[in-house]
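One structure is given below, encoded as structure tokens.
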Amino acid sequence: MIRVEFLGPIQKDPLELDITNLNQLAKILQEDKELSQWLQNSAVAVNDTLVSSLDVELEDGDKVSLLPPVCGG
Amino acid sequence: MIRVEFLGPIQKDPLELDITNLNQLAKILQEDKELSQWLQNSAVAVNDTLVSSLDVELEDGDKVSLLPPVCGG
Amino acid sequence: MSLELYDGGLDVPTILKKWYESEVQSNYGAFIPFVGTIRDEDGITGLSFDIYEPILESWFEAWQEKAKAKGAMIKMAHSRGDVMLHQSSYISAVFSPKRRVALEFIDEFVEDFKASAPIWKYDLKDGKRIYAKDRSTAIDGSGILGEKL
Amino acid sequence: MSLELYDGGLDVPTILKKWYESEVQSNYGAFIPFVGTIRDEDGITGLSFDIYEPILESWFEAWQEKAKAKGAMIKMAHSRGDVMLHQSSYISAVFSPKRRVALEFIDEFVEDFKASAPIWKYDLKDGKRIYAKDRSTAIDGSGILGEKL
């Protein structure tokens, strides 16, 4: 299983999904209307490392995080 | 009388001179060999305001200061 | 670790004193802190912060390596949760042998902090906690999950 | 007056605390101090400073006016006389509503300080006080008294 976490202001509980890559995740999340405002502007990390393309394979136990726009300080 | 002060590392006592402009001062100081290393790189202030040319008239009681290269901090 | 997270507003004099004294024998010639304080504006009573620590730490460590390569070092403190008006929520600092390196580094570091550090800001207003969406910046590379498939 | 001169090394934590607390209710969003510390190099035991206060004050006031025009303010402290290794001889700081103004201002201010402030530096070495000629900068407009007449 892959754990998907939504950080900061994205008010959504984590998901546990049976997927093997980020393309599958994109397909699933794009069907979720409450996420539509976040997918275009959120960064994606796999196991706490930012990734810049969907061509990433996932292994059982991996964690995917969505990071919406930031503003520290 | 005009008082001429030599600041910082210029090791020279103040002068009291009977002059009426900076051109006269330049002529007098250029005859002083111990000042030759300082005249080219020192700034000049009249009554604590920096001046950028010799075309400055002096009045009795004025103070002229020579400021050699600086390095604060 | 030179990254410190605190609940609520920062005790700025104490943190600056600690940082200064910790490096006073390290032969750095320049020390430049940046202190961010909550301004009274737009009717807020304060700000509130969420932090995602694992990525903040790796982001910070990457900057520490950049600093090391220039003979410099950085320190940073940030608040978690609510911070009231006129309190401080953020301090970062660079120590460097040389003035120019320090002046350029603090600028680059603070700007990338604003653009990349995984911290989310909320206005505290009328008893609510409102995401500061308009002042927030999408992290570089954002949007891949929204791409047309 | 926000220009402070001290005999010998500066008490950095105390000065930073005083400055921070003096402006904490002034609604500035950014506070950036620059702290200069004497490095152990070239076999010196310390540095020593001469200051010409009347022109330092007018130079500083001109910068304070520039800061005001941007909604900002500056403070500065400097040592007179001898300052030993690892002590600090110089602190300046900018307070500003906005981050970008503060980051740019502290850089411009510190660089002009180095180039223009009427302060002379001496190395303390082998019991002597030696003018730091090679690290010194002629003030803009220097040399008029050496012009061919």
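Just so it is clear, the model here is predicted, and its values are computed rather than measured. Labels below follow one simple rule: chain letters A, B, ... track the order of the sequence lines, proteins then strands, and each chain is numbered from 1.
Taking every heavy atom of both residues into account, Ile139(D) and Ala43(B) meet most closely at CB-CB, 3.8 Å. Nearest approach of Asp48(B) to Pro54(D), heavy atoms of both residues: OD2-CB, 3.3 Å. Residue Arg135(D) comes nearest to Cys71(B) through the heavy atom pair O-SG, 3.4 Å, listed as atom of the first residue, atom of the second, then distance.
Gln37(B) places a side-chain heavy atom less than 4.5 Å from the side chain of Lys133(D). Side-chain atoms of Leu149(D) and Leu54(B), non-hydrogen and from C-beta on, do get closer than 4.5 Å to each other. Within the 4.5 Å cutoff, side-chain heavy atoms of Tyr131(D) are placed close to those of Pro69(B).
Remark: Ser58(D) OG to Leu50(B) CG distance equals 7.5 Å, nearest 0.5 Å. How far CG of Asp50(D) is from CD1 of Ile10(B): 11.5 Å, rounded to the nearest 0.5 Å. Taking CD1 of Ile55(D) as the start and OG1 of Thr49(B) as the end, the distance is 7.5 Å to the nearest 0.5 Å. To the nearest 0.5 Å, atoms CD1 (Ile144(D)) and OG (Ser53(B)) are separated by 6.5 Å.
Only the side chain of Ser89(D) comes within contact range of chain B, judged by heavy atoms closer than 4.5 Å. If you measure heavy-atom distances from Leu29(B) to chain D, the contacts under 4.5 Å come from the side chain alone. Residue contact with chain B, scored on non-hydrogen atoms closer than 4.5 Å, is absent for Thr37(D). No part of Leu35(B) comes within reach of chain D, as not one of its non-hydrogen atoms sits under 4.5 angstrom from that chain. Only the side chain of Tyr122(D) comes within less than 4.5 Å of a heavy atom in chain B; its backbone stays farther off.
With chain B as partner, the option from Ala117(D), Gly141(D), Ala115(D), Ser136(D) having the largest number of non-hydrogen pairs under 4.5 angstrom is Ser136(D). Here Phe49(D) is the residue among Phe49(D), Trp59(D), Phe34(D) with the most heavy-atom pairs under 4.5 Å with chain B.
No more than 12 heavy-atom neighbours from other residues, nucleotides or ligands sit within 6.0 angstrom of CG on Asp134(D). Within 6.0 Å of NZ on Lys17(D) lie no more than 12 heavy atoms contributed by other residues, nucleotides or ligands. With a 6.0 Å radius and a threshold of 12 heavy atoms from other residues, nucleotides or ligands, Asp140(D) has its CG atom at or below the threshold. Under a cut-off of 6.0 angstrom, the local environment of NZ in Lys70(D) is sparse, with at most 12 non-hydrogen atoms contributed by other residues, nucleotides or ligands.
Among the residues in residues 57-66 of chain B, those with a non-hydrogen atom closer than 4.5 angstrom to a non-hydrogen atom of chain D are Lys63(B), Ser65(B), Leu66(B).
The closest donor-acceptor contact from the side chain of Gln30(B) to the backbone of Glu147(D) lies under 3.5 Å. Within the 3.5 Å criterion, the main-chain N or O of Gly73(B) finds a donor-acceptor partner in the side chain of His78(D). For the pair Lys121(D) (side chain) and Val70(B) (backbone), a donor-acceptor distance under 3.5 Å is absent.
The aromatic ring centres of Trp120(D) and Phe6(B) sit 6.0 Å or more apart.
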